[in-house]
Amino acid sequence: MSVTRVPLSCEFFPTATPEGAEKLAAVRRDLAVFQFEYFSVTYGAGGSTRDRTMNLVARMCAENGPPVMPHLTCVASTEAEIRTLLDDYRALGVNRLMALRGDMPSGAFENAGFTTATQLVSYVRQLWGEDARICVAAYPEVHPRARTPAEDLHAFREKVMAGATDAVTQYFYNADAYLHFRDDAQALGVEIALVPGIMPISNFVQLSRFSDACGAEIPRWLRKRLEALQDDIPALCDFGADIVAQMCERLIAEGVPALHFYSMNRADLIREICKRLGWC
Ligand code: FAD
C-alpha cells in the first residue's frame with residue numbers, strides 16, 4: 001500500500017524509573033526517522049505524574065527534537081498549581097498544551113478551581129497569548145459520561161470557542177464514528193483540525209480494559225478476532241497493524257489533516273503501521 005503521507009504526532013507517558021527514561025529516549029531516537037510534528041506527554045490523573053511529566057518535558061525540550069506538547073488536567077488542582085506549571089513550561093520554551101479537564105481521582109475533593117477543559121483553555125489563552133497552540137480532546141464515540149451525543153458535541157464546540165487551535169480524538173476502530181463527528185462539528189462551525197488518535201494493537205486484555213474505561217468501542221468482529229489471537233502476540237500485532245493501517249488509509253482518503261499515535265512508549269508498533277502505509 002502506498003498512501004499519501006500526512007503530518008504525524010505521537011504521545012508518550014512519563015516513565016517511573018531512570019532505566020525506563022533511557023529506554024524511552026531510545027524509542028524517541030528510533031522514531032526520529034518519521035519526523036514527527038510534535039511529541040506529547042501525558043499527565044497522570046489529578047496530577048499524579050506532575051513531576052515526572054515535567055521532567056520528561058524538560059528532557060525532551062533539551063534534546064532539540066520535535067516541539068513538545070505537555071498534557072495538563074485541571075480538576076483536583078488549584079489555580080496556583082496550574083499557574084506554576086504553565087509558567088515552568090513557558091520557561092522551557094513550550095508553546096503548546098493539551099488542555100484537559102481530566103477525571104477526579106478517587107478520594108480527591110472538588111476544589112473551587114477549574115471544572116471543565118473549556119475553563120482551562122480560556123485560562124491558558126489568557127496567560128500564554130494568541131500564539132500558543134492549545135489542543136483539546138474530542139470523542140467521536142461520545143465521552144463515557146456525556147448524557148447525549150448532542151451535549152458532548154456542544155461541549156467540544158465550547159472548548160474551540162474558548163480558544164483551542166487543534167483537537168485530538170479518543171482512539172477508535174470505526175472510521176465512520178470519526179467521520180460523522182467531524183461532519184457534525186463542521187456543521188456547527190468548528191473549523192479547527194480534528195486529528196484522529198490512532199491506537200496500535202498489541203495486547204488484547206489491556207486494550208479491552210482501556211476501551212471499556214474510556215468509551216472506545218472495539219467492534220464485535222474485531223474483538224472476536226483479537227481474542228482468538230491473544231496468546232500469539234506476534235500474530236496479534238501483525239493483524240492489529242494491518243487493521244489499523246487500513247483504517248489510517250481510509251481516514252487519509254477522507255481528508256484527515258494529520259494522525260496522532262498513542263505510542264504506548266514503543267517505536268515498533270508505529271513502525272509496523274507506517275511500513276504498511278508505505279512510509280518506511
Ligand atoms: P471536558 O471537555 O471538560 O468534558 C468532557 C465531557 O464532559 C464532554 O465531552 C461532555 O460530554 C461533558 N461536558 C463538559 N462540559 C460540559 C458542559 N458544559 N455541558 C454538558 N456537558 C459537558 N486524562 C489524563 O488524566 N491525562 C492525560 O494526559 C490525558 N490525555 C488525553 C488525551 C486525549 C487525546 C484524550 C481524548 C483524552 C485524554 N485524557 C487524559 C482523558 C480525559 O482526561 C478524560 O476523558 C476526561 O474525562 C475528560 O477530559 P476533557 O478534557 O475531555 O473534559
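Atom set for the values below is all heavy atoms of this structure, side chains included, hydrogens, waters and symmetry mates excluded. Atoms within each ligand, like the ligands themselves, are counted from 1 in listed order.
Within ligand 1, counting atoms from 1 as listed, the ones closer than 4.0 Å to a heavy atom of Thr42 are 28 (O). Near Thr116, with a cut-off below 4.0 Å to any heavy atom, the atoms of ligand 1 are 3 (O), 15 (N). Listed by atom number, the atoms of ligand 1 under 4.0 Å from Ala146 heavy atoms are 11 (O). When each atom of ligand 1 is checked for a heavy atom of Ala137 under 4.0 Å away, the hits are 35 (C), 36 (C), 52 (O). With ligand atoms numbered from 1 in the order given, ligand 1 contributes 34 (C) to contacts under 4.0 Å with heavy atoms of Met98. Heavy-atom contacts of Thr73 reach the following atoms of ligand 1: 24 (C), 25 (O), 26 (N) (cutoff under 4.0 Å). Per-residue contacts place Lys159 under 4.0 angstrom from the following atoms of ligand 1 (heavy atoms of the residue considered): 2 (O), 52 (O). Listed by number with element, the atoms of ligand 1 under 4.0 angstrom from any heavy atom of Gln170 are 36 (C).
Considering backbone and side-chain N/O of Glu11, none are found under 3.5 Å from N/O of ligand 1. Looking at ligand 1, you'll find an N or O of Asp103 within less than 3.5 Å of one of its N or O atoms. Residue-to-ligand polar distances place Tyr43 within reach of ligand 1: an N/O pair is separated by less than 3.5 Å. An N or O contact shorter than 3.5 Å links Ala117 to ligand 1 by distance. Distances between N or O atoms of Thr115 and those of ligand 1 include no value under 3.5 Å. Any N or O atom pair closer than 3.5 Å counts here, and Arg101 shares at least one such pair with ligand 1.
Looking at atom 18 (N) of ligand 1, its nearest protein heavy atom turns out to be Glu158 OE1, 3.8 Å. Taking atom 38 (C) of ligand 1 as the reference point, the nearest protein heavy-atom neighbour is Leu100 CD2, 3.9 Å. For atom 43 (O) of ligand 1, the nearest protein heavy atom (residue, atom name, distance) is Gly102 CA, 3.1 Å. For atom 19 (N) of ligand 1, the closest non-hydrogen atom on the protein side is Glu151 CG, 4.4 Å. Protein heavy atom closest to atom 9 (O) of ligand 1, with residue, atom name and distance, is Asp152 OD1, 2.4 Å. Of all protein heavy atoms, the one lying nearest to atom 32 (C) of ligand 1 is His71 CE1, 3.7 Å. Here the protein heavy atom with the shortest distance to atom 6 (C) of ligand 1 is His143 CG, 3.7 Å. For atom 16 (C) of ligand 1, the closest heavy atom belonging to the protein is Ala155 CB, 3.8 Å.
A salt bridge is absent between Asp88 and Arg50; no separation between the charged side-chain nitrogens and carboxylate oxygens falls under 4.0 Å. Taking a cutoff of 4.0 Å between a charged side-chain nitrogen and a carboxylate oxygen, Asp166 and Arg96 do not qualify as a salt bridge. Ion pairing between a basic and an acidic side chain is recognised when a charged N comes within 4.0 Å of a carboxylate O; Glu158 and Arg101 show no such pairing. A salt bridge is defined here as a Lys NZ or Arg NE, NH1 or NH2 lying under 4.0 Å from an Asp or Glu carboxylate O, and Asp152 with Arg147 fails to meet this definition. Classification of Lys23 and Glu19 as a salt-bridged pair fails, no side-chain N sitting under 4.0 Å from a carboxylate O.
Environment of CD in Gln35: sparse, with no more than 12 heavy atoms of neighbouring residues, nucleotides or ligands closer than 6.0 Å. In this structure, Arg5 places its CZ atom where more than 12 heavy-atom neighbours from other residues, nucleotides or ligands lie under 6.0 Å away.
The proximity of Tyr139 to ligand 1, defined as any non-hydrogen pair under 4.0 Å, is limited to the side chain. The proximity of His260 to ligand 1, defined as any non-hydrogen pair under 4.0 Å, does not occur for either the backbone or the side chain. Contacts between Arg147 and ligand 1, counted as non-hydrogen atom pairs separated by less than 4.0 Å, are absent for every part of the residue.
A distance of 4.5 Å separates CD1 in Ile82 from CG in Leu72, rounded to the nearest 0.5 Å. Going from atom CG of Leu207 over to atom CZ of Arg223 covers 8.0 Å, rounded to the nearest 0.5 Å.
Ligand 1 is approached by Ala45 to a heavy-atom distance shorter than 4.0 Å. Residue contacts with ligand 1: Tyr262 is included, with a non-hydrogen atom under 4.0 Å away.
Side chain of Lys159 to main chain of Ala137: a donor-acceptor pair is present (N/O by atom type, distance under 3.5 Å, no hydrogens or angles).
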Worked verdict on Ile273 versus Leu269 for side-chain contact (heavy atoms from CB on, under 4.5 Å) = CA-CA 7 Å; Ile273 294 166; Leu269 302 172; 5.5 Å; no
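In this structure, a donor-acceptor pair under 3.5 Å is absent between the side chains of Thr53 and His71. For the residue pair Tyr123 / Glu79, a side-chain donor-acceptor distance below 3.5 Å is found, with atom types taken as modelled. There is a side-chain donor-acceptor pair under 3.5 Å between Ser211 and Tyr171.
Looking at Tyr43 and Pro70, their side chains never come closer than 4.5 Å, going by heavy atoms from C-beta outward.
Checked against a 6.0 Å centroid threshold, the rings of Phe156 and Phe181 count as neighbours.
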